[in-house]
Amino acid sequence: MIESINFKEDLLHWYYENKRQMPWRETTNPYYIWLSEVMLQQTQVNTVKPYYNAFIKAFPTIEDLSNAKEEEVLKYWEGLGYYSRVRNFHEAVKEVHESYNGVVPTDPTEFKHLKGVGPYTNAAVMSIVHNHPLPAVDGNVLRVWSRLTSNYADIQLQKTKKTFEEELMPYVQTNSGDFNQAMMELGATVCTPKNPICLFCPVQTHCEAFHQGVVTELPVKKKKIKKKTVNYVVLYITNKNGEVLVRKRSAKLLHNMWEFPMFEHDESIHSIEEELDAVIDIESEPEFTTKHVFTHMTWNMEVYRAYTQKNSFKAPYRWISKQQKDQLSFSTSMSKIFSKMNR
DNA sequence: TACACGTGGGA
DNA sequence: TTCCCAAGTGT
């Protein structure tokens, strides 16, 4: 078993000597720490940095964000993915503004009730800001702890996470913020999924998996996701003014993001014109084909140039000039299509 | 409990 | 190319 005192001391000593610079580590503002934790969900540090800097510049205070419109806020998340994060964060911050006098709750039980704040974000923010004794168990910690304790339980099971949280409780009674971040930092830089650098690991002597020579067998993950594939026709429709037809999505996927009109591949021209309520001239051959891969599905897209005489479209459709494209939020797949069509 | 929910990087 | 995975949460 791990010798508790030495393990934590060794880990923290390494952390203080090696911790990477990140913009959110230069502040104690709970709103900024919270924002960083939301942005970091399923997203790597280097990806987050520029988004974080732009976001706090645009919305420096809870009041600024509370007064902003969703459309504007979404623009600062464009390309970052998992867009429900920013909608939930916006809603939660407005709740703090209205119901908590603009002060982020210091009680974990209250903070956890806010939209988008789950067990991880609650523990991370509350430990970093107030050293509340809560273990922040993310993907890094699940991997690191399964190796340190040589635990072959499936880390995707809720039961396993609960067990880990209980086992970690003794280590978060003091300095929980630093301990939680040190565990994650270790997972991100040393105890990596592939080719972990055990040679330079600060807690190698405490690692059960290392002693047993089974580091590469851990962690155990049983489930694998199967992906759906959907084929689409994407129409890049222009008018005589050189404007492009776009529409705002209402689906849950990429909710409220803008896109070029797209239809499932087996849909007829007739039903497409019916949906658009317009006569559309579509080029006979696609301009190009492209693939967009999500975590849970793949879009195969045939992109066609098309033209129409119709002037005005009703919501969710609208014409935009090429300059106006920068004012609306598009998913990455749509931005790539826009670039290719304007080269 | 299982699945939906984005995107980019590394091997 | 293909697969995995990254500071998870909502339903």
Side-chain angles (χ1 to χ4, degrees), chain A residues 15 19-20 22-25 33-52 74 77-89 91-92 111-128 134-145 154-162 165 177-189 191-196 216 219 221-230 249 251-257 259 291-299 329-336:
Chain A
Y15 176 65
K19 72 173 174 178
R20 296 173 291 172
M22 302 176 194
W24 47 88
R25 285 186 171 159
I33 305 281
W34 179 14
L35 170 67
S36 73
E37 290 301 338
V38 174
M39 284 187 162
L40 285 163
Q41 290 169 15
Q42 302 290 286
T43 311
Q44 301 192 121
V45 168
N46 286 336
T47 305
V48 165
K49 283 179 183 170
Y51 283 91
Y52 171 86
L74 193 54
W77 215 271
E78 184 185 47
L80 194 55
Y82 284 145
Y83 300 97
S84 64
R85 288 183 295 176
V86 72
R87 291 195 302 273
N88 291 338
F89 181 64
E91 186 182 326
F111 185 61
K112 173 84 173 57
H113 282 300
L114 295 166
K115 204 71 178 289
V117 177
Y120 166 77
T121 304
N122 184 38
V125 175
M126 290 295 108
S127 67
I128 292 169
L134 296 167
V137 179
D138 73 331
N140 286 310
V141 176
L142 287 169
R143 179 176 61 259
V144 168
W145 196 247
D154 185 344
I155 60 165
Q156 291 177 322
L157 299 178
Q158 199 60 38
K159 189 175 61 177
T160 307
K161 192 182 152 194
K162 201 172 171 185
E165 283 169 347
D178 287 339
F179 177 80
N180 284 333
Q181 292 185 85
M183 287 286 281
M184 294 189 277
E185 193 92 345
L186 184 71
T189 62
C191 194
T192 49
K194 292 167 191 170
N195 308 318
T216 56
K221 270 190 195 179
K222 286 178 182 167
K223 186 181 60 185
K224 45 214 156 194
I225 351 136
K226 34 189 165 178
K227 246 177 240 187
K228 278 189 246 177
T229 297
V230 193
R249 289 176 65 88
K252 270 186 286 185
L253 177 62
L254 300 171
H255 185 67
N256 284 353
M257 305 287 283
E259 68 182 4
K291 183 161 73 166
H292 190 75
V293 181
F294 299 89
T295 306
H296 59 298
M297 71 169 77
T298 301
W299 286 357
S329 301
F330 288 82
S331 74
T332 296
S333 60
M334 293 298 144
S335 289
K336 285 179 179 170

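Reminder, nothing fancy here: chain letters follow the sequence lines and each chain counts from 1.
- Within the nucleic acid shown, H255(A) has no heavy atom closer than 4.0 Å to any nucleic acid atom.
- Within the structure, salt bridge (charged side-chain N to carboxylate O under 4.0 Å, His left out) contacts touching residues 34-51 of chain A (residues at least two apart or in different chains) do not occur.
- The side chain to side chain contact (heavy atoms under 4.5 Å, CB included) check on K228(A) picks up M297(A), with sequence neighbours excluded.
- Residues passing the ring pair (Phe, Tyr, Trp, His ring centres under 6.0 Å) test with Y120(A): none are found, sequence neighbours excluded.
- Residues satisfying the salt bridge (charged side-chain N to carboxylate O under 4.0 Å, His left out) test with K115(A), not counting sequence neighbours, are E91(A).
- With DNA chain B read from its 5' end, the first of the two nearest nucleotides for K228(A) and F294(A) is the one closest to K228(A).
- For the C1' atom pair drawn from dC5(C) and dG6(B), the interatomic distance equals 13 Å after rounding to whole Å.
- Atom P of dA11(B) sits at a distance of 15 Å from the matching atom of dA7(C), rounded to the whole Å.
- Below 30°, between 30° and 60°, or above 60°: for F89(A) and W34(A) the angle between ring planes is above 60°, a perpendicular geometry.
- Within 4.0 Å of L80(A), counting heavy atoms only, lies at least one base atom of the nucleic acid.
- Comparing the same atom, P, in dT2(C) and in dC5(B) gives a spacing of 23 Å after rounding to whole Å.
- Evaluation of the salt bridge (charged side-chain N to carboxylate O under 4.0 Å, His left out) rule for E259(A) yields R247(A), R249(A) as partners, not counting sequence neighbours.
- Annotation: ring pair (Phe, Tyr, Trp, His ring centres under 6.0 Å) contacts of Y52(A) (sequence neighbours excluded): W24(A).
- Here the range on DNA chain B touched by chain A, meaning any atom under 4.0 Å from one of its heavy atoms, is dT1(B) to dG10(B).
- In this view, K19(A) and Y15(A), R25(A), E185(A) satisfy the side chain to side chain contact (heavy atoms under 4.5 Å, CB included) rule, not counting sequence neighbours.
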Check your understanding: Base, backbone or nothing for each nucleotide of nucleotides 1-11 of chain C, written B, S, -, heavy atoms under 4.0 angstrom, 5' to 3'?
Key -> -S--SBBBSS-

